[in-house]
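The residues of the chain are indexed from 1 along the displayed sequence.
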Amino acid sequence: IAGHASDEIVAAAINPDATQLGADVRAGVLSTSADELRASRVMIVDDEPINVKVAKKFVETLGYSNFVTLTDSSSVLDTLRQEMPDVLLLDLMMPNVSGLDILREMRSDSRFMRIPVIILTASCDRGTRLQALELGATDFLAKPLDPEELAPRLRNALLIRSYENHLVKHAETLEEK
């Protein structure tokens with residue numbers, strides 16, 4: 001049965017017209033409204049309080065209002081467990097626990113594997129960027145943040161999260177049949 005759900009998802013990706021999931025897409029069942037996206041919980045982690053304030057302010061101007069903010073990287077994993085954000089904006093270069101260490105831990109824990117992580121970094125180091133991508137980073141934003149670039153990257157990460165959630169629910173429904 002589990003294989004059937006996987007087959008359905010793959011078939012929908014290849015030929016959306018041939019599946020129930022494809023019918024859902026065409027019917028708009030997978031659509032996510034701007035209001036739904038703006039209700040998402042956004043977690044911002046940076047060791048510099050001013051960077052957290054700036055990022056939060058930019059995200060607030062986009063209409064988001066549900067935030068979890070941290071400047072202590074050593075408490076990120078505990079806060080993730082408690083808050084389960086919909087997206088994480090994560091600095092890489094932090095004392096105590098680096099953003100790469102946090103990302104590595106997140107991707108090794110099934111509860112956090114699907115949370116999109118947008119890396120905020122002043123680093124232009126190619127090796128660091130590649131390492132973050134290998135560990136499962138969803139996207140990057142250079143510091144200082146550009147609000148015009150932040151808006152579509154955040155929206156896209158949240159849309160992907162929404163679609164993944166729908167696919168998981170759809171797979172669970174198929175498994176029950």
Side-chain angles (χ1 to χ4, degrees), residues 30-169:
L30 280 180
S31 67
T32 302
S33 73
D35 288 339
E36 288 174 305
L37 289 181
R38 287 189 199 105
S40 300
R41 179 171 291 148
V42 178
M43 186 169 172
I44 303 169
V45 179
D46 195 308
D47 60 310
E48 295 292 332
I50 189 68
N51 290 342
V52 171
K53 287 180 184 179
V54 168
K56 183 179 177 199
K57 190 63 165 171
F58 285 161
V59 175
E60 279 178 330
T61 63
L62 299 172
Y64 297 86
S65 60
N66 191 353
F67 294 96
V68 178
T69 60
L70 291 171
T71 56
D72 177 11
S73 60
S74 62
S75 64
V76 171
L77 294 173
D78 286 336
T79 304
L80 276 168
R81 286 181 195 97
Q82 294 169 0
E83 300 291 339
M84 287 304 291
D86 296 299
V87 66
L88 172 61
L89 305 181
L90 178 66
D91 182 30
L92 284 184
M93 305 301 179
M94 297 183 288
N96 303 322
V97 182
S98 76
L100 290 174
D101 291 335
I102 292 167
L103 189 55
R104 184 177 295 109
E105 289 295 319
M106 285 181 68
R107 295 312 188 219
S108 68
D109 187 324
S110 62
R111 294 172 292 182
F112 311 132
M113 290 179 93
R114 294 184 313 106
I115 296 174
V117 178
I118 301 174
I119 301 296
L120 309 177
T121 185
S123 172
C124 296
D125 177 46
R126 184 175 185 269
T128 302
R129 286 178 171 253
L130 287 173
Q131 187 177 7
L133 287 169
E134 288 294 326
L135 290 171
T138 307
D139 207 343
F140 286 90
L141 277 169
K143 290 180 184 176
L145 294 179
D146 175 354
E148 289 182 18
E149 188 176 355
L150 172 64
R153 290 181 188 271
L154 180 59
R155 181 198 64 232
N156 292 346
L158 288 167
L159 279 171
I160 290 168
R161 168 97 170 156
S162 173
Y163 295 153
E164 285 179 346
N165 288 341
H166 181 79
L167 286 173
V168 166
K169 287 177 185 169

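Salt bridge Arg41/Asp86: absent, no basic N to carboxylate O contact under 4.0 Å.
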I'd like to know whether Val59 forms a side chain to side chain contact (heavy atoms under 4.5 Å, CB included) with Leu154, so could you lay out the CA-CA distance, the side-chain angles of the two residues, the decisive distance to 0.1 Å, and finally the verdict. CA-CA 9 Å; Val59 175; Leu154 180 59; 3.8 Å; yes
inquiry  = Before you tell me yes or no, could you show the steps for Thr128 and Thr121 under side chain to side chain contact (heavy atoms under 4.5 Å, CB included), namely the whole-Å CA-CA distance, both residues' side-chain angles and the distance that decides it to 0.1 Å?
reply    = CA-CA 10 Å; Thr128 302; Thr121 185; 5.7 Å; no
So Val68 and Thr79, side chain to side chain contact (heavy atoms under 4.5 Å, CB included) or not? Walk me through it. CA-CA 9 Å; Val68 178; Thr79 304; 3.6 Å; yes
Between Leu120 and Leu90, does the side chain to side chain contact (heavy atoms under 4.5 Å, CB included) criterion hold? Intermediate values first, please.
CA-CA 6 Å; Leu120 309 177; Leu90 178 66; over 6 Å; no
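You'll find the side chain of Leu92 reaches within 4.5 Å of the side chain of Leu100, heavy atoms only. Within the 4.5 Å cutoff, the side chain of Ile44 has heavy atoms near those of the Phe67 side chain. Using a 4.5 Å heavy-atom cutoff, the side chains of Ile160 and Pro116 are not in contact. Between Pro95 and Asp47 the shortest side-chain heavy-atom distance falls below 4.5 Å.
To the nearest 0.5 angstrom, Ile115 atom CD1 is 11.0 Å from Glu164 atom CD. Rounding to the nearest 0.5 Å places OG1 of Thr69 at 12.5 Å from CG of Asn51. Between Leu103 atom CG and Leu133 atom CG the span is 9.0 Å, to the nearest 0.5 Å. Once rounded to the nearest 0.5 Å, the distance linking OG1 of Thr71 with NZ of Lys53 reads 10.0 Å. Note that CD of Gln131 and CD1 of Ile119 are 10.5 Å apart. Values are rounded to the nearest 0.5 Å. Considering CZ of Arg161 and CG of Leu159, their distance stands at 13.0 Å, rounded to 0.5 Å.
Between Thr138 and Arg107, the shortest heavy-atom contact is OG1-NH2, 3.9 Å. Taking each heavy atom of Val97 and Ser74 in turn, the nearest pair found is CG2-CA, 3.9 Å. The two residues Glu36 and Ser33 come nearest to each other via the heavy atoms OE1-N, 2.7 Å. Summarising the geometry of Leu77 relative to Phe112, their closest heavy-atom pair is O-CZ, 4.4 Å, with the distance given to 0.1 Å. Taking each heavy atom of Val42 and Tyr64 in turn, the nearest pair found is CG2-CD2, 4.2 Å. Taking both residues in full, the closest heavy atoms of Ser73 and Ile102 are given as O-CD1, 3.9 Å, listed atom of the first, atom of the second, then distance.
For Glu83, the CD atom is densely surrounded, since the number of other residues' heavy atoms within 6.0 Å is greater than 12.
Arg114 and Asn165 are linked by a side-chain donor-acceptor pair at a separation below 3.5 angstrom, with hydrogens and angles left out of the test.
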